Amino acid sequence: MTELWMRIRRKWCFVRGNERGVKRFSNMISSRRAVVRLQACFDESVPPEVNVEINTNCNYACPFCPQSSCKRPVQYMTREVFEVLIKRLEAIDYAGHVCLSVNNEPFLHPLILEFCETISKRLPKARGGLISNGALITKEHLLALAKLDLPPRLQINDYTSTRSVSKRIETMFAQDPILKRIPLTVSLREIAERLSNRAGNQPGCGSDVGDYQDIVCTWPFMGLFLTPDLQFFLCCSDYHHKIILGDLIRESLMDIWQGEPYRDLRKRMLASARKGIPLCSGCDADWFCLPEHCSKKEDLR
């Protein structure tokens, strides 16, 4: 099916008020563009994003997140294990993004400030990142982060109905100019959002998984996901870490990224999208972002 034909079908669905059809054909168009770009530009020698679940718990239980329906055993990354991660990244002179959040609230970890300081000091070409609901962040946290040579990017998702978190954070930033050194993004979210089914880990999303069977997901080309004990798991939707693709304790990061399990995953994703890939076959996420070295300014949608 050509892109022109998909556009015609999408327009017809729009005219008929078929929202599901509009979404379906929009995703097919975006998927085709992403696949073409990846086939032409993807270079596995470029180190990917690194997303680290430094702890497995969260202080919220949002209904759209598996944290609300199936709590996992609480686990925290130790200082010793974090040191292994840093040494692996130092070994490749890592210059990418190290996010200390996946399905967790990073400010629950007692060593969060130490971890951010270590990234700043020992990975000067890299940039740390934190995604938080903001409820636990204090002025002391922010001042410590702001004083680092390279403060982490801070993404705050405010789920409060009164926007109390964003107001508090923005007030602190306004009162102390040094905090402006922290790259801050505040997103106003809704606690009742209906998002992805997280590869079947969060039921009740109302989507039809069949609509997503033949569209690409670009996470296997974008980044790596690490458990608190440095096991590589599939992606952020692999809430229970069911698919393990490597072990950073025993292997180098690039050996894993360029290893057969990841190569096979990327090959299968490009060839037949999600069909036949465990977890992916039951996932309804529409994710078409591209690695920076594959990106262009035009929107895939």
Side-chain angles (χ1 to χ4, degrees), residues 34 37-38 40-55 77 81-104 106 109 111-132 145 148-156 181-185 216-238 244-259 261-263 265-266 269 287-297 300:
R37 194 85 53 77
L38 288 167
C41 305
F42 179 70
D43 182 355
E44 69 174 14
S45 70
V46 178
E49 291 184 19
V50 177
N51 303 278
V52 191
E53 206 164 61
I54 58 173
N55 53 288
M77 180 173 283
V81 170
F82 190 74
E83 175 67 16
V84 173
L85 169 64
I86 295 299
K87 286 182 176 179
R88 293 286 190 264
L89 295 175
E90 284 179 323
I92 59 173
D93 196 23
Y94 187 70
H97 185 214
V98 185
C99 184
L100 303 183
S101 317
V102 183
N103 291 307
N104 60 305
H109 200 298
L111 300 178
I112 181 62
L113 295 179
E114 179 181 321
F115 288 175
C116 290
E117 181 179 9
T118 300
I119 292 171
S120 176
K121 285 183 175 180
R122 293 175 57 184
L123 301 173
K125 296 180 182 179
R127 191 72 183 243
L130 300 166
I131 302 173
S132 170
L145 295 176
L148 298 178
D149 290 339
L150 195 61
R153 295 187 179 98
L154 178 58
Q155 163 74 48
I156 294 178
R181 296 192 67 241
I182 302 173
L184 174 69
T185 302
V216 74
C217 173
T218 58
W219 265 126
F221 304 86
M222 285 282 297
L224 295 165
F225 294 83
L226 285 158
T227 68
D229 55 0
L230 298 187
Q231 300 288 306
F232 285 86
F233 61 103
L234 182 62
C235 72
C236 53
S237 291
D238 187 3
I244 300 299
L245 298 161
D247 182 351
L248 197 60
I249 298 291
R250 298 177 176 83
E251 307 167 77
S252 75
L253 184 143
M254 293 306 293
D255 282 347
I256 294 170
W257 181 242
Q258 297 172 349
Y262 265 105
R263 284 179 174 172
L265 176 63
R266 291 192 286 264
M269 185 62 78
W287 184 262
F288 305 113
C289 293
L290 293 169
E292 186 174 343
H293 70 276
C294 297
S295 299
K296 294 182 180 178
K297 291 184 178 179
L300 286 178

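A quick note: this is a predicted structure, and the numbers were derived from the prediction, not measured. Excluded from the calculations below are hydrogen atoms, water molecules and symmetry mates; all remaining heavy atoms, backbone and side chain alike, are included. Along the sequence shown, residues are numbered consecutively beginning with 1.
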Checklist entry - To the nearest 0.5 Å, what is the distance between SG (C235) and CE (M222)? => result 12.5 Å
Next on the checklist: Can you list everything that forms a salt bridge (Lys or Arg N to Asp or Glu O under 4.0 Å) with E44? Sequence neighbours excluded, please.
Outcome noted: R263, R266
Item to check | Spacing of L150 atom CG and L123 atom CG [to the nearest 0.5 Å] | outcome: 10.0 Å
Item to check | Closest approach of N55 to P106 (non-hydrogen atoms, all atoms of both residues) | outcome: OD1-CA, 3.8 Å
Checklist outcome for this item: Distance col, row T218:OG1 vs F288:CZ, nearest 0.5 angstrom, shows 8.0 Å
Checklist entry - So L89 and I119, side-chain contact (heavy atoms from CB on, under 4.5 Å) or not? Walk me through it. => result CA-CA 10 Å; L89 295 175; I119 292 171; over 6 Å; no
Checklist entry - Ion pair present between R122 and E117, side-chain N to carboxylate O less than 4.0 angstrom? => result no
Next on the checklist: Would you say that M254 contacts P47 through its side chain, given a criterion of any heavy-atom pair below 4.5 Å between the two side chains?
Outcome noted: yes
Next on the checklist: Could you work out, with side-chain contact (heavy atoms from CB on, under 4.5 Å) as the rule, every residue matching V81, not counting sequence neighbours?
Outcome noted: M77, T78, L230
Next on the checklist: So does V102 get a backbone contact from the side chain of N104, meaning a donor-acceptor N/O pair under 3.5 Å?
Outcome noted: yes
Item to check | Over all atoms of both residues, closest heavy-atom pair of E49 and Y94 | outcome: CA-OH, 3.5 Å
Next on the checklist: With side chain to side chain contact (heavy atoms under 4.5 Å, CB included) as the test, pick out the partner of L100 among I131, I112, N51.
Outcome noted: I112
Next on the checklist: Test of understanding: with side-chain contact (heavy atoms from CB on, under 4.5 Å), list the residues that count as partners of D229, not counting sequence neighbours.
Outcome noted: Q75, T227, Q231
Next on the checklist: Please determine whether side-chain contact (heavy atoms from CB on, under 4.5 Å) holds for the pair L226 and F232, giving the CA-CA distance in whole Å, both sets of side-chain angles, and the decisive distance to 0.1 Å.
Outcome noted: CA-CA 5 Å; L226 285 158; F232 285 86; 3.5 Å; yes
Item to check | salt bridge (Lys or Arg N to Asp or Glu O under 4.0 Å) partners for E251, two or more places apart | outcome: none
Item to check | Verdict with supporting geometry, C99 and V52, side-chain contact (heavy atoms from CB on, under 4.5 Å) | outcome: CA-CA 6 Å; C99 184; V52 191; over 6 Å; no
Checklist entry - Under the side-chain contact (heavy atoms from CB on, under 4.5 Å) criterion, do F233 and L245 qualify, and how do the steps go? => result CA-CA 6 Å; F233 61 103; L245 298 161; over 6 Å; no
Item to check | side-chain contact (heavy atoms from CB on, under 4.5 Å) partners for D149, two or more places apart | outcome: S120
Checklist outcome for this item: The reported gap from CD1 in I86 to NZ in K121 (rounded to nearest 0.5 angstrom) is 12.5 Å
Item to check | Closest non-hydrogen atom pair between H293 and C41, with its separation | outcome: CD2-O, 3.4 Å
Item to check | All side-chain hydrogen bond (donor to acceptor under 3.5 Å, both in side chains) counterparts of Q258, not counting sequence neighbours | outcome: none
Checklist entry - Taking the six-membered ring for Trp, are F225 and W219 ring centroids under 6.0 Å apart? => result yes
Checklist entry - What distance separates E114 CD from L111 CG, expressed to the nearest 0.5 Å? => result 5.0 Å
Checklist entry - Looking only at heavy atoms, which two atoms of A34 and L290 are closest? And how far apart? => result O-CD2, 4.2 Å
Checklist entry - Nearest 0.5 Å, what's the OG-CG distance between S237 and N103? => result 7.5 Å
Checklist entry - Looking only at heavy atoms, what is the nearest atom pair of R127 and P183, with distance? => result NH2-CG, 2.8 Å
Next on the checklist: How close do P291 and F42 get, counting heavy atoms only, and between which atoms?
Outcome noted: CG-CD1, 4.3 Å
